[in-house]
> 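I am attaching a structure below and will ask some questions about it afterwards.
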Amino acid sequence: MVIEAKTAEREHVLAVARAMCAAARTAPKARGIDNLYTTILTGEDKDRLADEMERLAPVLQMDFFLRDAQNVRDSEAVVLFGIMGTQHGLGKSCSLCGFEGCGACADAGGVCVFRPLDLGIAVGSAVSVAADARVDSRVMFSIGRTAVEMGLLPKEATVIMGTPLSVSGKSPFFDRKPKE
């Protein structure tokens, strides 16, 4: 049997994407409360994400979405990581969110500070899996913002980040220039 390099690389990227989801799931979370969502996009779904990023660039006045959309197109897969923004339940004694306790944060539609921290730890754990497997990745706000717009994760996922994955001779995620 002969397995061509491109096929082997594609299969490796998908296996790594799956392992990244597992790493994010098992990452430590405040009080052990797991409010994490993960999804892997490939093929046409990944390309629809890139299309929407290009559409949103002028709407949001964020030109870097165009550059990031090209990175999504150049990737084999994209992993989405989202977290539910519910309050942690520490009451008035915490207030790290900037509100006077969890009730005030919830009433104002705020996000508990512990949820994005949990997400950051989960994403950090996940991208370390990619690095250990020699798969290029880059965490992107633009992917997460677009995923929210597209409803790619359940609506409870109020904070989303995305990570495109690539295996190539040079990482497409660094030395990037804005699309002209």
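FYI, the numbering just counts along the sequence from 1. In this text the structure is predicted, and so the values were computed from the model without any measurement.
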> Name the one of T38, T26, L80 that satisfies side chain to side chain contact (heavy atoms under 4.5 Å, CB included) with C21?
T38
> With salt bridge (charged side-chain N to carboxylate O under 4.0 Å, His left out) as the rule and sequence neighbours excluded, what pairs involving residues 111-131 come up?
R115-D118
> Check A17 against L165 and note the closest heavy-atom contact, atom names and distance.
CB-CD1, 3.7 Å
> Transitively linked via ILVMFWY side-chain contacts under 4.5 Å: L60 with F64?
yes
> Side chains of R138 and T163: does their closest heavy-atom pair fall under 4.5 Å?
no
> Using the side-chain hydrogen bond (donor to acceptor under 3.5 Å, both in side chains) criterion, which residues pair with E149? Sequence neighbours excluded.
R145
> Using the rule that two of Ile, Leu, Val, Met, Phe, Trp, Tyr join whenever any of their side-chain heavy atoms come within less than 4.5 Å, decide whether I33 and L119 are in one cluster.
no
> Check whether any side-chain heavy atom of V167 sits under 4.5 Å from a side-chain heavy atom of E76, and report yes or no.
no
> Could you state the interatomic distance from CD1 (I83) to CG (L36), rounded to the nearest 0.5 Å?
5.0 Å
> Can you tell me if T146 uses its side chain to pair, donor with acceptor, with the backbone of S142 under 3.5 Å?
yes
> For a 4.5 angstrom cut-off between non-hydrogen side-chain atoms, does P172 reach S166?
yes
> Side-chain contact test, heavy atoms from C-beta onward, threshold under 4.5 Å: evaluate it for V78 versus I143 and give yes or no.
yes
> Do the side chain of K29 and the main chain of A27 share a donor and acceptor less than 3.5 angstrom apart?
yes
> Indicate the atoms forming the closest heavy-atom contact of A130 with M20, along with that distance.
CB-SD, 3.9 Å
> Please enumerate all residues that pass side-chain hydrogen bond (donor to acceptor under 3.5 Å, both in side chains) together with K155, with sequence neighbours excluded.
none
> Kindly compute the distance separating CZ (F81) from OG1 (T39), expressed to the nearest 0.5 Å.
10.0 Å
> Looking at E54 and R73, is any side-chain nitrogen of the basic one under 4.0 Å from a carboxylate oxygen of the acidic one?
yes
> The criterion is ring pair (Phe, Tyr, Trp, His ring centres under 6.0 Å); which residues satisfy it with F114, sequence neighbours excluded?
H88
> Checking the side chain of K46 only, and the main-chain atoms of S75 only, is there a donor and an acceptor separated by less than 3.5 Å?
yes
> Any side-chain to backbone donor/acceptor pair from H12 onto R134? Under 3.5 Å, distance only.
no
> For A157, enumerate each residue passing the side-chain contact (heavy atoms from CB on, under 4.5 Å) test, keeping only those at least two apart in sequence or located in another chain.
Y37, L153, I160
> Between A77 and V13, what is the shortest heavy-atom contact and its length?
CB-CG1, 4.1 Å
> For the CZ atom of F65 and the CZ atom of F141, what is their distance to the nearest 0.5 Å?
4.5 Å
> Do the side chains of R48 and D45 get close enough for a salt bridge, i.e. N-O under 4.0 angstrom?
yes
> Give me the atom names and distance for the closest heavy-atom approach of P164 to G162.
CD-O, 4.0 Å
> Do M62 and L56 have side chains that get closer than 4.5 Å, going by heavy atoms?
no
> Around atom NZ of K170, are there more than 12 heavy atoms of other residues, nucleotides or ligands at under 6.0 Å?
yes
> If you take all heavy atoms of R18 and I40, which pair is closest and at what distance?
N-CD1, 3.8 Å
> Between M84 and T158, is there a side-chain heavy-atom distance shorter than 4.5 Å?
no
> May I ask you to test the I121-V123 pair for a side-chain heavy-atom distance under 4.5 Å?
no
> What heavy-atom pair brings V111 and C105 nearest, and what distance separates the two atoms?
N-SG, 3.8 Å
> When you compare the side chain of T42 with that of L14, does any pair of heavy atoms fall below 4.5 Å?
yes
> Report the hydrophobic cluster partners of M1, with the cluster defined as I, L, V, M, F, W, Y residues connected by side-chain heavy atoms closer than 4.5 angstrom, directly or transitively.
I3
